[in-house]
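Worksheet: one structure, shown below.
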Amino acid sequence: MKYVVSFFGNFIWKLLGGVWLATFWFLLGVLLTCTIIGYPIAVNCFRIGWLCLKPTNKRVGVYFEKYLFLNVLWIFLVGWMVIPYAVLSIALHIVSIFGIPLVLQWIKVCKVCMFPFGAIIKY
């Protein structure tokens, strides 16, 4: 039963915007792998992209203090692009009947999108 609920949760998640967010992270990861400096950051982009495809039944821990400088740099370079999309998606999910259970998933994904360094994703 747990897997059935997870499957439908992930399916609705993908229909209501998860695919676009995952595509953004995968494309950003591909762009960053083209540079030598961006390769370590690209690894985080791919991890976030996989989380954006299937967020249900995953636990996320964010340790912001461990990589404080990198997380602050990330917010100024990339994180500010995620904030408007995340706020709009959360608002649209609250308005729709099907999206209400997925609001917590958006908050979980947004935490990792904002602070990817030091984030632990448990499957």
Side-chain angles (χ1 to χ4, degrees):
M1 184 68 177
K2 174 180 159 182
Y3 297 109
V4 173
V5 172
S6 175
F7 173 77
F8 283 116
N10 284 327
F11 182 72
I12 293 171
W13 168 266
K14 289 174 188 172
L15 285 178
L16 296 178
V19 172
W20 297 111
L21 189 62
T23 304
F24 166 76
W25 286 110
F26 287 134
L27 289 176
L28 183 63
V30 168
L31 285 173
L32 288 172
T33 54
C34 295
T35 65
I36 295 171
I37 297 171
Y39 183 75
I41 300 170
V43 173
N44 279 334
C45 290
F46 290 125
R47 282 183 30 216
I48 293 169
W50 282 113
L51 175 69
C52 291
L53 280 179
K54 296 181 180 181
T56 57
N57 287 342
K58 291 187 176 68
R59 293 185 182 162
V60 172
V62 177
Y63 301 102
F64 178 75
E65 304 84 21
K66 190 172 181 181
Y67 299 99
L68 182 64
F69 177 73
L70 289 174
N71 280 323
V72 170
L73 186 67
W74 179 269
I75 289 171
F76 286 117
L77 295 177
V78 180
W80 65 271
M81 292 186 282
V82 178
I83 293 172
Y85 182 75
V87 170
L88 180 68
S89 296
I90 289 172
L92 289 175
H93 278 74
I94 289 174
V95 171
S96 71
I97 295 171
F98 296 111
I100 291 174
L102 297 175
V103 171
L104 293 177
Q105 302 302 322
W106 272 105
I107 293 171
K108 176 176 33 176
V109 168
C110 288
K111 280 193 313 188
V112 176
C113 290
M114 290 301 297
F115 310 116
F117 297 101
I120 297 173
I121 302 169
K122 293 187 180 183
Y123 298 97

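In this chain, numbering begins with 1 at the start of the sequence shown.
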Exceeds 12 heavy-atom contacts within 6.0 angstrom, atom CD1 of Ile120: yes
Count the heavy atoms of every other residue, nucleotide or ligand shown that sit under 6.0 Å from CZ of Phe46, and state whether that count exceeds 12. yes
Nearest non-hydrogen partners of Ala22 and Gly49, listed with the distance: CB-O, 3.6 Å
Taking all heavy atoms of Gly29 and all of Ala42, pick out the closest pair and write down the distance. O-CB, 3.4 Å
Under 4.5 Å between side-chain heavy atoms, hopping through other hydrophobics if needed: is there a path connecting [X] to [Y]?
{"X": "Leu51", "Y": "Phe26", "value": "no"}
{"X": "Trp80", "Y": "Leu88", "value": "no"}
{"X": "Leu92", "Y": "Phe24", "value": "no"}
{"X": "Val87", "Y": "Leu21", "value": "yes"}
{"X": "Ile36", "Y": "Tyr39", "value": "no"}

Using distance only, find each side-chain donor-acceptor pair of residues 107-119 under 3.5 Å and give its atom names and separation, not counting sequence neighbours.
from   : atom 1 : to     : atom 2 : distance (Å)
Lys108 : NZ     : Pro55  : O      : 2.8
Lys108 : NZ     : Lys58  : O      : 2.7
Lys108 : NZ     : Gln105 : OE1    : 2.9

Distance from [X] atom [atom1] to [Y] atom [atom2], nearest 0.5 Å?
{"X": "Ile41", "Y": "Leu77", "atom1": "CD1", "atom2": "CG", "result": "7.5 Å"}
{"X": "Leu53", "Y": "Ile48", "atom1": "CG", "atom2": "CD1", "result": "12.5 Å"}
{"X": "Ile90", "Y": "Leu104", "atom1": "CD1", "atom2": "CG", "result": "9.5 Å"}

Answer whether the closest heavy-atom distance between the side chains of Leu70 and Trp74 falls below 4.5 Å. no
